[in-house]
Structures are given as C-alpha cells and as structure tokens.
Visitor: 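Attaching a single structure in structure tokens format; questions to follow.
Any value given below was found using the heavy atoms of this structure, including those in side chains, with hydrogens, waters and symmetry copies removed. One is the number of the first residue; the rest follow in order along the sequence.
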Amino acid sequence: MDENWRARRTAGPARPARPALRRPGLGTGRMPPGYCHGHRIEPAYQALAKAKAFAEGQALADFCDDCGRRLALASIRRSDWVVRRVEKVRFRDDRSVNRQISIDFLVREDAPVYEASGGQRFWLVPVSVMRRKTLVNFDLHDEGGRSIPLPGLRLTQHHDESVLRAVASIELNGLLGAEAAEFIHDVIAGELEQVQQRIDSLPSGDAPAEILRLVDNGGVFEALLRRLSFHYTLYAFIEADPCRRHRIIHMSIDEPLTLYHREPGLPDPRSATADRRAGSMSYKRGDPVPWWNPHRLGAAMGWMPTRVRFPVPAAENATSFHFEVEAPPGVEIVEASLLAGVPDLNDDDSERPRRPSFDHVRLRLPTVGLHVTAVPNGSSSRAQVHLQVATRGWYTTMLLSCWATLLLLGAVLLHVHLNAVTTPADTIVVLAGVAAAVATLIAQGEFPGMAGRLLTLPRALAAVEASLPLIAASLFLFSGPGPTHRRQWELLILCSIAALITITITIAWWQAHRRLTISRDITSPWEMAPDLGRPVGVPRSFWEAARKYEYTKPAIRVDSAEAWHEHFGWTEEIEAHAQALLAPVWPR
C-alpha cells in the first residue's frame, strides 16, 4: 500500500484557487462560466452604500469603466437586442392617462452581472431613458408577475456617470482629469440649476478644456451627454440565467392629462419662427395657444376633432414598435397616425430624402393600433389621435333639447304676435315646465370624464339655452302688463339667442356624424387585404407627413415619462463611431 495514501486521503483532491472576496459591496471577482463580466456585490447593499456616501458628501471613486462601456453600447444600440416594444395608452379619466409598456428583448451577452452573497445573480439591463421626474403609479414586473428590483437613485446616477466617464476616457485615451470628472458628476447628479449651468457653459466655452474638446469632436460623448443631461437611465436587475436570455418585462406609468392645446414643439422649417441653422432643430414642449386660436376654438365647439399627441421616444429603442390607444367611454377615435423619423431641415430640397417610419388608420374601433419598424436613433417619434364625442345617446339628446327650446320660444312669440287667447299664467307654466325638463336632460351625466370635458363649451351653451324659457317666464311674471310690441321684442331676442346656440350645436353634431360616415375606408399601410379598405401611402419625407397629417398644428400633448430628444444631433457617423469605439466590450 502506498505510504502517501493516508496523506492524500487527508488532504483531498487538488482544488482550483478561488478568488478572495472582500466585504460585500466592495469586492469583485471572476464570474462563473456563461457570464462575461460582473461584480460579486449585493445590489441592494450597493444601492444603500451609494445613497449613504452621497448624503455624507463622499467622493466616489469605484467607477467600473468596463461596465460603463458595456452599458453605453447597450444604450446606443438598443435595437440590436430589443425585439419588440408594445405601448398601450388608456384614458383613466379627464385628468390622467395610463401607459402600459411591454418590452420583449434578448439580454446581451456582455451584460454586467451582479452576484449576491447567497449566489443569486442578476443582469444589469438599461431598460429606458427617463425624464428626471417623480413617477406616478409606476410598476415594473417580469413575465411571471414578479416585481423587478431597481438600483435606486444614487446607484443609477453612479452607473450613468460610469457610462460618460468610460466613453470620455476612451475618446481622450485615458486622460480624464479631475475638472472633467467633476463636470460629469454635476451633470448627472446635480440639482436643476447646477445641471443647467454646466450645460450653458458648453456654448460659452467655460466648461473644462477636456469636455470642450470632446464636444467639439461631435462624437459619442456629446450625444450621450445631451441624452443624459436632465434625464436618467432606468436600470433593472433581471434574474440571470444563461439558458433563458429571451425575456419580457412589463412597465406601467400614469401620466397627467391637461386639455390645453399647445404649439407642436417642433417648428416647421417653412414657418417664420423656425431656426434654419444647421443643428438647431429641437423638440420641446410647445407654448399653450390662446382660447381664440382657430384649432383650439374649433375643437372646443366640436366643429373639428380634438387632436391629442403622444410623444413616443422609445420607438427607436426596439426593432419593432407597436402603439395602441383605447378610446375613453363615450368618445370615438376618428383618425390615428404614428410618425417616427429624423426631422432633417433639408428634406424639402433633397432629391432623395430619408423616408420616415409611418402608420395611419381611419377606423371606428374602440382600440386603434399603430406600428413602425427600424426607427433610427435621433428620431422625433410621435403618435396622434383625433377624438370626438360619439353622436349617439347624450349628444343627440342635447341637440333635440335645444331644438325643443327653440321651437317653444318661437311658438310663444307667434302667439304673442297674433294676440292669441292665452293667459300669462298658462304661458308661465309651460315655459317653466319645459325649462325644467330640458335642464334635466342636459345635466344628466351619461358620459362623464373625457367625453364631458371635450364638450364643455357646447354643454355650457345648451345650459344657457335651457334657461331661456325660464327667463321668458320670469318676464311674463314680473314685468307686469305692457305693450305687445315690447313683449315681442323681448321674446325675439330670446329666440335669436336660442337659434344661434341651436345652430352652433347642430353644426357640431352634423360635422361629427359626417366624419364618422366618410372615414371608414382608410387602412394602415401594413394592411395587405385590399378588400378591407384603401391603404394610405407612405410619405416620402418627414415633413411631408408632418404637414399632411397636421403634426405642425396645435394639439393637446400628453407628455411621456420617457425622455425625448430635445436636439437632433445624432447621425449615422456617430453611431458607426460608437460601434467601433466600444466594440472591445464584447466577450473574448
């Protein structure tokens, strides 16, 4: 028997060396097979540690350039790993809307991995870019309905700062100085005034020299800096399983709804207010238009449909994007369209302009779906629906009530003019009874919420007309006996007011009814069944579609919690530069 058997039995088989782990939250180690790069850190512990360090004013130095490069490439090329994105909008009431978003994606092979102390692993995935605001009724869960953990504010800012620092270091060949690092920190984690001051220092030349050099190059850093200033990346910790990279997550957010018409925010290059300088194109929240604006006044009177516009900036963050709008109760969608493309100032002059991604339908359905694909980075993506109150039911009742009031006042005027045999008491009873009946019909709440808000002005006019018989009865009761011609003039004035209101509401009702009867034969360009309707053609340029489908006109705007492009400086050259610059991030 081998004399060394006992020694080998005691020592056991040779084991590979295991990397030493430090205190949780500070150490990193080699990831197991199937994972590319990661940290042996409890995500919740790191989030709390970052929040505590920020509150104590400690300068953070544990930035991971490797994670920053991977997250930068994932953020820039989302269409490479996000298969499909579906966004559904539902009107909760006349004050808010709910957005439900489904993201179907394939986790990138180079996604950073976090391993908790118990061995559970998570992929760090940049889900979207959000505006810096408080999210209302926010929910994020996976396919099984389980909530997905988030990094928290300070850890999110730490990752965003890592992204900018990593890209800056690469473009500067590792020469990122303290002033440039402080500039990046202020932009990512500063207060509003501090961020605005840093951004304003770029055109004035007061920013650090390294930052000015990066911005002058017009490369990836400037694009990401513009994207992350006033915004932040929504990161999620997805439970890691190398055998299950195809995942679907669901997100929902409530957005405020203010029924004020605003300017389009992206001025038409042909307009007098447009700045035609290169690189000046920007998309911002437009100013409210006055009440006498023809678009706002026409929509308020019901003479034209109400345009509601939804920024959908995430259309470029997926290979395929689908947008659905559910009509509120008592409201019908007359027309809907989705326009996504780069608003080039030279589209009108170019012989071969870039075609936008576009969809358009005219169908009387409770829910309208719109679809676009291959939306390039830097696009202005907006959906638009034309809403009007359904003509059936309460709307028709209001119209008939107005006509009944007008006919009654006309009959009383005729009797007074012909000196018909009626006593003032009988006239007062009839007028008061009809006024009460009409007021009851108009005041009924069959269509509350959005439908009632869209017809606020016609309802107010109808209420005024409902009070006219009561005013006439009061004149008979309190004015006492008088000459017949004075009574005729009083009734004639009331009849004129009633006729004006009745004609106004009749025109609105007829226009709404007419729009529904002539808008049934326009289908989406994606529809391949010719017997279902006539498909609309795809516009040849962004501005052709914007002008034809009234994206350059005032509309009610429902803002998105996801960030949109304020400046359109992204080009195909920048995207190619980003791919070449960050290509070493892929696993070897």
Visitor: Should we count NZ of K133 as having more than 12 external heavy atoms under 6.0 Å?
Guide: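 Yes, the 6.0 Å shell around NZ holds more than 12 heavy atoms from other groups.
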Visitor: What pair of heavy atoms forms the shortest contact from A116 to P43, and how long is it?
Guide: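 So the two residues come closest at CB-CD, 4.5 Å.
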Visitor: Would you indicate whether the side-chain heavy atoms of Y549 and L338 approach each other to under 4.5 Å?
Guide: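 A side-chain contact is absent here, since even the closest heavy-atom pair is not under 4.5 Å.
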Visitor: For the pair R131 (side chain) and S560 (backbone), establish whether a donor and an acceptor sit closer than 3.5 Å, ignoring hydrogens and angles.
Guide: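 Checking the backbone N and O of S560 against the side chain of R131, a donor-acceptor pair under 3.5 Å is found.
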Visitor: Can you find a pair of side-chain heavy atoms, one from V385 and one from F310, that are under 4.5 Å apart?
Guide: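 Yes, at least one pair of side-chain atoms sits under 4.5 Å.
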Visitor: For S128 and E562, does a side-chain donor sit closer than 3.5 Å to a side-chain acceptor?
Guide: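 The criterion, which ignores hydrogens and geometry beyond distance, is satisfied for E562 and S128.
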Visitor: Which of parallel (below 30°), tilted (30 to 60°) and perpendicular (above 60°) describes H371 and H322?
Guide: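 Tilted.
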Visitor: Does the S79 side chain pair with the main chain of N317, one donor and one acceptor, at a distance under 3.5 Å?
Guide: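 No, S79 side chain to N317 backbone: no donor-acceptor pair under 3.5 Å.
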Visitor: Between E326 (side chain) and K88 (backbone), is there a donor-acceptor pair under 3.5 Å?
Guide: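 A pair under 3.5 Å: no.
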Visitor: Tell me if the CD atom of Q197 is crowded by more than 12 foreign heavy atoms within 6.0 Å.
Guide: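 No - once you tally the heavy atoms of other residues, nucleotides and ligands closer than 6.0 Å, there are 12 at most.
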Visitor: Between R70 and D66, is the closest basic N to carboxylate O distance under 4.0 Å?
Guide: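 So D66 pairs with R70 through a salt bridge.
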Visitor: Hey, does L214 have a side-chain heavy atom less than 4.5 Å from the side chain of E222?
Guide: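 E222 vs L214: side chains apart.
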Visitor: Crowded around E191 CD? As in, over 12 foreign heavy atoms under 6.0 Å?
Guide: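 No - once you tally the heavy atoms of other residues, nucleotides and ligands closer than 6.0 Å, there are 12 at most.
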Visitor: Return yes if some donor-acceptor pair links the side-chain N/O of R355 with the main-chain N/O of P539 below 3.5 Å, else return no.
Guide: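 Present.
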Visitor: Determine yes or no for a side-chain-to-main-chain donor-acceptor pair under 3.5 angstrom, with R77 supplying the side chain and A74 the backbone.
Guide: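 Pair absent, no side-chain N/O of R77 close to backbone of A74.
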Visitor: For the side-chain hydrogen bond (donor to acceptor under 3.5 Å, both in side chains) test, which of H386, H261, E550 pairs with R307?
Guide: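 It is E550; the other options fail the test.
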Visitor: Does either side chain, that of Q46 or that of H158, offer a donor lying less than 3.5 Å from an acceptor on the other one?
Guide: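 No.
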Visitor: Rounded to the nearest 0.5 Å, what's the gap from CG on L387 to CZ on F91? Could you check?
Guide: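 Rounded to the nearest 0.5 Å, the CG-CZ separation comes to 5.0 Å.
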Visitor: I'd like to know whether E143 forms a salt bridge (Lys or Arg N to Asp or Glu O under 4.0 Å) with R247, so could you lay out the CA-CA distance, the side-chain angles of the two residues, the decisive distance to 0.1 Å, and finally the verdict.
Guide: CA-CA 8 Å; E143 310 93 327; R247 308 298 292 270; 3.2 Å; yes
Visitor: Would you name the heavy atoms of G378 and V342 that are closest together and state the gap between them?
Guide: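 That would be O-CG2, 4.0 Å.
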Visitor: Is there a side-chain contact between F323 and V368 (heavy atoms, below 4.5 Å)?
Guide: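 No; the side chains remain at least 4.5 Å from each other.
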Visitor: Quick check: closest heavy atoms across S229 and R226, and the distance to 0.1 Å?
Guide: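 Looks like OG-O, 3.2 Å.
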Visitor: Quick one: sort the H39 and Y114 rings into parallel, tilted or perpendicular, breaks at 30° and 60°.
Guide: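 Rings of H39 and Y114: tilted, as their planes differ by 30° to 60°.
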Visitor: Is there side-chain contact between L224 and I76, with at least one heavy-atom pair below 4.5 Å?
Guide: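 Sidechains of I76 and L224: in contact.
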Visitor: Tell me, do R382 and L266 make a side-chain contact under 4.5 Å, heavy atoms counted?
Guide: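 Counting from C-beta outward, R382 and L266 do come under 4.5 Å.
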Visitor: Examine R557 relative to W564 and say whether NZ or CZ is less than 6.0 Å from the centre of the six-membered ring and inside a 45° cone about the ring axis.
Guide: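 Positive - R557 is close enough to the ring of W564 and near enough to its axis.
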Visitor: Would you say the side chain of T306 lies within less than 4.5 Å of the side chain of R453, judging by non-hydrogen atoms?
Guide: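 R453 vs T306: side chains apart.
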Visitor: Rounded to the nearest 0.5 Å, how far apart are CG of D104 and CH2 of W81?
Guide: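 If I round to the nearest 0.5 Å, the distance is 11.5 Å.
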Visitor: Look only at the side chain of Q384 and the backbone of A555, and say whether a donor-acceptor pair between them is shorter than 3.5 Å.
Guide: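 Pair absent, no side-chain N/O of Q384 close to backbone of A555.
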Visitor: Locate the shortest heavy-atom distance separating R198 from D186; write the atom from each residue and the value.
Guide: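 Heavy atoms only, the tightest pair is NH2-OD2, 2.7 Å.
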Visitor: Assess the residue pair Y551 and S337 against the criterion (side-chain contact (heavy atoms from CB on, under 4.5 Å)); give the C-alpha distance rounded to whole Å, side-chain angles, the decisive distance to 0.1 Å, and a yes or no.
Guide: CA-CA 10 Å; Y551 283 86; S337 59; 2.7 Å; yes
Visitor: Decide side-chain contact (heavy atoms from CB on, under 4.5 Å) for R84 and I248; before the verdict, give the C-alpha distance in whole Å, the side-chain angles of both, and the deciding distance to 0.1 Å.
Guide: CA-CA 9 Å; R84 179 179 174 86; I248 300 176; over 6 Å; no
Visitor: Using modelled atom types only, decide if a donor and an acceptor are shared between the side chain of E210 and the backbone of L172 within a distance under 3.5 Å.
Guide: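 Not at all, since once roles are kept as given, no pair shorter than 3.5 Å links the two residues.
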Visitor: For L140, is there any backbone N or O sitting under 3.5 Å from a side-chain donor or acceptor partner on S147?
Guide: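 Side chain of S147 to backbone of L140: no pair is present.
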Visitor: Could you grab the distance from atom CD1 of I148 to atom CZ of F122, nearest 0.5 Å is fine?
Guide: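 I148 CD1 to F122 CZ: 10.5 Å, rounded to 0.5 Å.
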Visitor: Hey, what do you get for OG (S357) to CZ (F321), rounding to the nearest 0.5 Å?
Guide: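 Between atom OG of S357 and atom CZ of F321 there are 11.5 Å.
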Visitor: Between OG of S162 and CD1 of I184, what distance do you get to the nearest 0.5 Å?
Guide: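 CD1 of I184 is found 10.0 Å from OG of S162.
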Visitor: Assess whether atom OH of Y260 is packed by more than 12 heavy atoms of other residues, nucleotides or ligands within 6.0 Å.
Guide: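 Result for OH/Y260: open.
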Visitor: For the residue pair A111 and W123, what are the closest heavy atoms and their distance?
Guide: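 The answer is CB-CD1, 3.8 Å.
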Visitor: Which is it for F221 and L164 under the side-chain contact (heavy atoms from CB on, under 4.5 Å) test, yes or no, and what are the steps along the way?
Guide: CA-CA 7 Å; F221 178 82; L164 289 181; 4.2 Å; yes
Visitor: I would like to know whether L153 and Y232 meet side-chain contact (heavy atoms from CB on, under 4.5 Å); could you show each step before the answer?
Guide: CA-CA 9 Å; L153 175 61; Y232 70 94; 5.9 Å; no
Visitor: Would you check if L259 and M450 make a side-chain contact, meaning some heavy-atom pair closer than 4.5 Å?
Guide: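 Yes; the side chains approach each other to less than 4.5 Å.
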Visitor: Would you sort out whether R108 and D110 count as a salt bridge (Lys or Arg N to Asp or Glu O under 4.0 Å), showing the intermediate values?
Guide: CA-CA 5 Å; R108 295 172 62 93; D110 63 340; 3.0 Å; yes
Visitor: Tell me whether R90 contacts the main-chain N or O of N98 through its side chain, where contact means a donor paired with an acceptor under 3.5 Å.
Guide: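 No; judged by distance alone, with no hydrogens or angles, the pair does not exist.
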Visitor: Could you go step by step and tell me if E335 and H360 meet the side-chain hydrogen bond (donor to acceptor under 3.5 Å, both in side chains) rule?
Guide: CA-CA 8 Å; E335 182 179 349; H360 174 263; 2.7 Å; yes
Visitor: Atom CG in L234, atom CD1 in I253: separation rounded to 0.5 Å?
Guide: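 Answer rounded to 0.5 Å: 8.0 Å.
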Visitor: Are side-chain N/O atoms of Q100 and H250 paired as donor and acceptor at under 3.5 Å?
Guide: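 Not at all, the side chains of Q100 and H250 share no donor-acceptor pair under 3.5 Å.
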Visitor: What closest approach, in Å, do T233 and T156 show between heavy atoms, and which atom pair accounts for it?
Guide: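 Heavy-atom minimum between the residues: O-CG2, 3.0 Å.
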Visitor: Does E87 come within less than 4.0 Å of R99, counting only side-chain N to carboxylate O?
Guide: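 Salt bridge flag = yes for R99 with E87.
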